[in-house]
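All figures in this text were calculated on a predicted structure; none of them were measured in a lab.
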Amino acid sequence: MKKDHNYYMGIAYRLAAKARGMTSPNPMVGSVLVKGGRILAKGYHKRAGLAHAESAVLDKAGAKAAGATLYVTLEPCAHFGRTPPCVDKIIRSGVKRVVIGMIDPNPLNNGRGIKILRQQGIEVRVGFMQEELSRLNESFVKYITSKMPFVTVKVAESLDGRIGTRSGDSKWITSDISRISAHRMRARFDAVMVGVNTVLRDNPRLDAWFSEKQPYKVIVDSRLSTQANANIFSGAKQVIIATLPVQAGQETDNLRILAAKAKILQAKEKSGQVNLRDMMKKLAQMEISSILVEGGGTLIGSLFDEGLVDKVIFFISPKIIGGKDAIGSVMGRGIARIEKAVRIKDLRVWRSGEDIVVEGYIK
């Protein structure tokens, strides 16, 4: 393979992806330092608060960085955050060229880092693997530009679109392989969200198997009917219950009990239910930048009705459940005309055991 800018950016991209699910609310960033066709150092941003990718690489290289080319997947920051500006360190290092994958969408930076580097006489090249890098950091891009979380709906359904029988039985529709994949998926998100009916009917734990990092567990529960002994309170104590505003002096016994087990997030009301858009804004204010919604059909349908879904992942089992009273995967108001149907773009389809997985984007 020819060792051009795309070659080294590909290495930086793969380094960045190693931190998937670990850097929020920061982006995933990888970096490579090259001199005379030889890689001097490689690194990536491992977690919010730790060294940024380019800073880690320059620390490894030390004085050898002078005259080298620095490859970095995202424009170096020019502002103080959890760490000092990376552009200052790059300038001091003596690097002669910086090759950047994509411009930082953060309004605090967004071209400032590039401008400062060029003002200091450093050659800057921009625009390599931009589509791949934008997808890698899709949650960060939405969160930092809109102050809203990136919302992915994950469904495990039968071939006829059911997530439960008419009696509410739902264990298990998809294969063991698909369920393991779903657990691995959870660790990549800041939060996993369900409606209260899912908690009452299925009593899930919503843990992420195989991972030390556990996402927040969010229950949308307008009337605070979650049971205090629900399995969701087991394990990691990171439960958020989104509910309607409670006036001072009107606290119920159940509210006081649940408040001892979870954070109570009071969102605005809309048609007697939690205002989902307001809830999402409040979750973003907690630095929750990505949410995996796992049900049920009422919550998922309402999120589609409100235009809050960014991405879908449907695990479809080769089973027919049938019955007009069986539980559908997407409820809500829905649409009146086919021409208004939600279209899924950039489709990917693959097999997971005996199941078919369909993944795609709404926007």
Side-chain angles (χ1 to χ4, degrees), residues 21 24-25 48 139 142-143 146-154 186-208 211 213-310 331-332:
S24 180
S139 297
K142 183 184 181 187
Y143 167 77
S146 70
K147 305 303 179 188
M148 292 282 279
F150 187 93
V151 177
T152 299
V153 163
K154 193 273 290 181
R186 287 174 181 170
R188 297 182 175 184
F189 291 81
D190 294 340
V192 178
M193 177 181 289
V194 294
V196 66
N197 289 335
T198 296
V199 175
L200 297 176
R201 183 181 66 243
D202 297 339
N203 200 19
R205 292 175 61 97
L206 296 184
D207 294 330
S211 175
K213 183 231 175 187
Q214 295 293 321
Y216 282 97
K217 307 170 186 180
V218 182
I219 309 169
V220 183
D221 183 1
S222 298
R223 290 166 180 76
L224 286 178
S225 54
T226 300
Q227 296 174 335
N229 63 349
N231 286 339
I232 202 167
F233 297 115
S234 303
K237 300 293 191 292
Q238 295 190 110
V239 181
I240 299 169
I241 301 177
T243 191
L244 298 177
V246 179
Q247 301 299 323
Q250 296 183 358
E251 298 88 352
T252 63
D253 288 341
N254 200 40
L255 170 59
R256 285 186 280 270
I257 292 169
L258 291 175
K261 291 175 168 283
K263 175 178 176 58
I264 306 298
L265 187 156
Q266 298 185 32
K268 294 178 181 177
E269 178 267 344
K270 184 175 181 179
S271 302
Q273 302 294 322
V274 167
N275 184 314
L276 298 176
R277 188 169 296 275
D278 183 61
M279 175 194 70
M280 290 296 182
K281 288 179 181 177
K282 287 182 166 65
L283 290 170
Q285 289 166 8
M286 297 172 60
E287 295 190 335
I288 291 175
S289 65
S290 61
I291 297 175
L292 181 68
V293 180
E294 295 200 8
T298 299
L299 173 61
I300 289 173
S302 297
L303 289 168
F304 273 108
D305 290 341
E306 295 295 325
L308 292 170
V309 180
D310 298 290
M331 308 290 276

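Within the 4.5 Å cutoff, side-chain heavy atoms of K217 are placed close to those of V239. Under the 4.5 Å side-chain criterion, counting only non-hydrogen atoms from C-beta, I291 is not in contact with V218.
Smallest separation of non-hydrogen atoms from V192 and P215: CG2-CG, 3.6 Å. K213 approaches R188 most closely through the heavy-atom pair NZ-C, 4.2 Å. Summarising the geometry of L308 relative to V151, their closest heavy-atom pair is O-CB, 3.2 Å, with the distance given to 0.1 Å. Counting all heavy atoms, side chain and backbone alike, P25 lies closest to Y143 at CB-CE2, 3.8 Å. Nearest heavy-atom pair, M286 versus L265, reported as atom, atom and distance to 0.1 Å: SD-CD1, 3.9 Å. Of all heavy-atom pairs between M280 and P149, the closest is O-CD, 3.4 Å.
To the nearest 0.5 Å, the span separating NZ on K263 from CD on Q238 amounts to 13.0 Å. A distance of 7.5 Å separates CG of L258 from OG1 of T252, quoted to the nearest 0.5 Å. To the nearest 0.5 Å, atom CD1 of residue I219 and atom CG of residue L206 are 8.0 Å apart. Distance check, rounded to the nearest 0.5 Å: OG1 of T226 to CG of L255 gives 11.5 Å. The OG1 atom of T152 sits 6.5 Å away from the CG atom of L292 when rounded to the nearest 0.5 Å. The distance from the CG atom of L200 to the CG atom of D221 is 7.5 Å, given to the nearest 0.5 Å.
Qualifying salt bridge (charged side-chain N to carboxylate O under 4.0 Å, His left out) partners for D305, counting only residues two or more places apart in sequence or in other chains: none. Among residues two or more places apart in sequence or in another chain, the side-chain hydrogen bond (donor to acceptor under 3.5 Å, both in side chains) test is passed with Q227 by none. A search for side-chain hydrogen bond (donor to acceptor under 3.5 Å, both in side chains) contacts involving S289 returns S24, D190, not counting sequence neighbours. Residues meeting the salt bridge (charged side-chain N to carboxylate O under 4.0 Å, His left out) test with R205, sequence neighbours left out: D207. Among residues two or more places apart in sequence or in another chain, the salt bridge (charged side-chain N to carboxylate O under 4.0 Å, His left out) test is passed with E287 by R82.
K281 has no carboxylate O lying under 4.0 Å from a charged side-chain N of D278, or vice versa, which leaves the two without a salt bridge.
Within a 6.0 Å sphere centred on NZ of K270, other residues, nucleotides and ligands contribute 12 heavy atoms or fewer.
Among the candidates V194, T243, L276, V196, the single residue satisfying the side-chain contact (heavy atoms from CB on, under 4.5 Å) test with V220 is L276. The side-chain contact (heavy atoms from CB on, under 4.5 Å) test with N275 is passed by exactly one of K282, K268, E306, E269: K268.
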Could you give the side-chain donor-acceptor pairs of residues 294-302 under 3.5 Å, partners two or more places apart or in another chain?
unit_1: E294; atom_1: OE1; unit_2: R186; atom_2: NH2; d: 2.8
unit_1: E294; atom_1: OE2; unit_2: R186; atom_2: NE; d: 2.8
unit_1: S302; atom_1: OG; unit_2: T298; atom_2: O; d: 3.0

